[in-house]
Amino acid sequence: MQPCRLQLLLGLVLLLLLALLAPTATADFSCSSDRQVVNCGQLPVDTAEQKAEYVACCQANVVTPAAAAEEVKVAAAAAGVRQGLQPAQMRADLNAGGPRNTSMNFRWGWCLLRRLVIVPTFDGTSWTSVRQTVPATLNRNVINNVRDAAISILAQRPKLNAIRNDYAMISSTNSGSGFLHPVGLVGPAELAALRYRMANRVDFNSPQPGASDVLLSGQGVPPKTYPGGWAPPINTPVDGYPGPLAMTKVEVKYGGNEANAANCPANYPAGTPAAPKGICGHVSFVEMDGQMSMKQAMAYWATSDERYANNALGIIEAWTNTNQQFGLQKENGPLEAGWGVACMAKALEMLRNLPRAQALLPRYVNYVNTVLMPVMETYATTITQGAITNGAQNVYGNWHTTIADAMISFGVLADNKDRYKAGLELARTAIKDYLKWGRGSMATVDGVQRIPGECTETLRDIYHSEFGLGSALQAAEVAFQQGDDLYMVGGHALAAAMELHARIILADKNKEEPPQGFKWYDNGKGLPPAPSGTEYRFDIAKQLWFQFNKTTLQAVPGGELRDGVKYLLGVKFLPTGWELGYNHYWGRLGMQLPQTRQLLQTFAPEWFEMSWGLGTLAAADTAYQLWRPGLRALLKMTSAECKAP
């Protein structure tokens, strides 16, 4: 037999074996629990291979009622531990009746134009739209003048002069790009305030010391446990971390699956329990090394212990030296790259003043530009625009805000204005489209009333909605530190989104009914009964549930569910930008966000998970020192000074 025929025959035999061994769907197959829908519900099922992966995902995410109840119990216990680490007195920024709950003294009509923005307010299950007054936008001159004035005022207060002095030591501005440094998760003023508050934890009633305890020890952090019992580290060890887990080649498929187990690093966590090898690329780059680099960098700022800084730099250096290929381009590669870069770029930026970081920085920049950025850029431009051109609807989601967060953070780190501006434009486009619901022509869609603050993924699940909102808020904070206001995009739509999603999370925790128009999905029991042999699946593009044949794994023609109800699932608190957003909208602008305030009273301090968090440690209750005193500077600015450069 000729070699080519032999190879063809062997290939056919292999495909047959794979088909026989692959999981298959039957009439009694089900993928309708909250966890199954959250983790598997958007996987494509166009090919036989994809269908097998969908079935395998659903089977891997079966959770018994007892296990689900235990998970809720663990999360509640963790929240209780975190609350015990809050200051003995109520946080001043979370005290609705406290002296800081006052209107902001902006200079309307001279430096700033007023704007009325819509934020939903809730009374039980009923809701209404309330208009709040805010600046239409804060331009670079205003942002810089207010911040500089506030920091100068600190020098006049003996107890706070240390913040001003530390800020002067650690901050710098690049003459070429004009970027302020270091600006990772927050800016140099917040980092200086963090150091001061950690050094004065006894005398100063701040949330930072408790948040530091959460970061370092893992107290109150709910473990993210995978099937089999393994979870990424919840603490931030000064030694003993099992990484770095750098991989030469990463090929992540939809759902986080690694295309080739041979790619897994030799030191991938084994033992009992072992890390799931089938998702080793995702785990290694994001859930282990990516998030650990951020945690170690923040631990350095909280403790001034350079061992933490060296741990973070060692992780980043390992990937810089090792990784040569990252994908898959047309599957999860762009998202995974975005998560990892958003973490590592921020971490390296926060450490950029250290000699080891300065030596690493140009090599890391080259690595990202060569290996990772093309994957993200292709998705954000070519693939996205191609989908829109072909008529796809509701395209922008958490992938886009993740990539925007990564581009903006990396642009600052690299002093690359073009990359930074590309991230800004992607963020503006994504936020405006993602949060268009409940406004203007999108107030009622297909006969269903939408609430301001809903995002394109709210009806998919709250879990992924928090992904999208968290990355958008982190991107907005980095940009704001550079004088660009993304917080105002879409009519300050992120503030409305925070309030709505906070209300939903609180209602779920307190076992209350959701806001009017919504209904709990309740592991599929909240939906009307599906016809025999089918179950419902959610279509993000159409914002509708549709009947899905459980045997063929195909949509049932004409099977769309049009009952006018908005179903909610995947509801849990994640530390995705809540503190950053609250510190801006309430702390800097004086907006009233009662649901977000209650959410933080219930769940703070924030920990770090995947690509988000640590906002309590980095920013909580800082605006009253680092922004509000500087508002008086607006009263002294001339019309010319108020204008953007």
Side-chain angles (χ1 to χ4, degrees), residues 34-44 120 254-256 332 334-335 338-339 342 379-380 383-384 387-388 392-405 426-427 429-439 442 445-446 448 450-476 489-490 493-505 508 514-515 517-521 527 536-546 561 565-578 581 609-612:
D34 269 46
R35 176 170 291 186
Q36 288 173 317
V37 175
V38 167
N39 291 333
C40 315
Q42 296 301 314
L43 294 180
Y254 286 125
N332 253 47
L335 179 62
W339 281 335
Y379 178 82
I383 294 177
T384 296
I388 293 172
Q393 296 177 308
N394 302 318
V395 171
Y396 288 96
N398 73 83
W399 286 44
H400 298 88
T401 60
T402 294
I403 292 172
D405 184 20
L426 176 60
T429 301
I431 293 170
K432 189 174 182 179
D433 188 81
Y434 194 51
L435 297 173
K436 63 193 174 189
W437 309 96
R439 304 164 186 272
M442 305 303 291
V445 181
D446 288 334
V448 178
R450 307 298 292 260
I451 299 179
E454 289 185 34
C455 70
T456 298
E457 293 177 295
T458 299
L459 305 187
R460 172 194 181 180
D461 61 69
I462 301 303
Y463 188 74
H464 285 92
S465 300
E466 290 183 88
F467 285 15
L469 298 175
S471 291
L473 288 162
Q474 289 184 169
V489 173
L494 284 166
M498 289 171 63
E499 281 294 275
L500 172 62
H501 291 82
R503 173 67 272 184
I504 292 170
I505 294 168
D508 175 75
F518 292 101
K519 184 179 180 181
W520 300 123
Y521 174 80
L527 291 166
Y536 287 107
R537 205 166 189 238
F538 189 70
D539 185 329
I540 294 178
K542 295 181 179 180
Q543 297 284 292
L544 289 171
W545 291 86
F546 63 92
L561 176 62
V565 179
K566 298 180 292 186
Y567 296 96
L568 296 170
L569 69 151
V571 183
K572 64 180 294 186
F573 173 82
L574 292 174
T576 47
W578 298 101
E609 186 161 328
M610 283 179 57
S611 189
W612 316 277

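Along the sequence shown, the residues carry numbers beginning at 1. Since this is a predicted model, take the numbers as computed values, not measurements.
- Of the possible polar contacts, one joining the Asn394 side chain to the Ala541 backbone as a donor-acceptor pair under 3.5 Å is found.
- Using a 4.5 Å cut-off on side-chain heavy atoms (C-beta onward), Leu473 and Trp578 make no contact.
- With hydrogens and angles disregarded, a donor-acceptor distance shorter than 3.5 Å links the side chain of Thr458 to the backbone of Cys455.
- The side-chain heavy atoms of Asn332 and Trp399, taken from C-beta on, include a pair separated by under 4.5 Å.
- A donor-acceptor pair under 3.5 Å is formed between the side chain of Gln474 and the backbone N or O of Ser611.
- The closest side-chain heavy-atom distance from Tyr521 to Leu568 is not below 4.5 Å.
- Judged by distance alone, with hydrogens and angles left aside, the side-chain atoms of Glu466 form no donor-acceptor pair with the main-chain N or O of Tyr463 at under 3.5 Å.
- Using bins of under 30°, 30° to 60° and over 60° for the plane-to-plane angle, the ring pair Tyr379/His400 lands in the tilted bin.
- Without hydrogens or angle criteria, Gln36 side chain to Gly41 main chain gives no donor-acceptor distance under 3.5 Å.
- Looking at heavy atoms from C-beta onward, Leu435 lies out of side-chain contact with Tyr396 at the 4.5 angstrom threshold.
- Relative to the six-membered ring of Phe518, Lys566 meets both conditions, a distance below 6.0 Å and an angle of at most 45° to the axis.
- With contacts defined as side-chain heavy-atom distances shorter than 4.5 Å, the pair Arg460/Asn398 qualifies.
- The aromatic rings of Trp339 and Phe467 lie perpendicular to each other, with more than 60° between the two planes, well past the 30° mark.
- Shortest non-hydrogen contact noted between Gly470 and Trp612 is C-CD1, 3.7 Å.
- In this structure, Gln42 contributes its side chain and Phe538 its backbone to a donor-acceptor pair below 3.5 Å.
- Nearest heavy-atom pair across Ala497 and Leu469 is CB-CD2, 3.8 Å.
- Within the 4.5 Å cutoff, the side chain of Trp437 has no heavy atoms near those of the Ile451 side chain.
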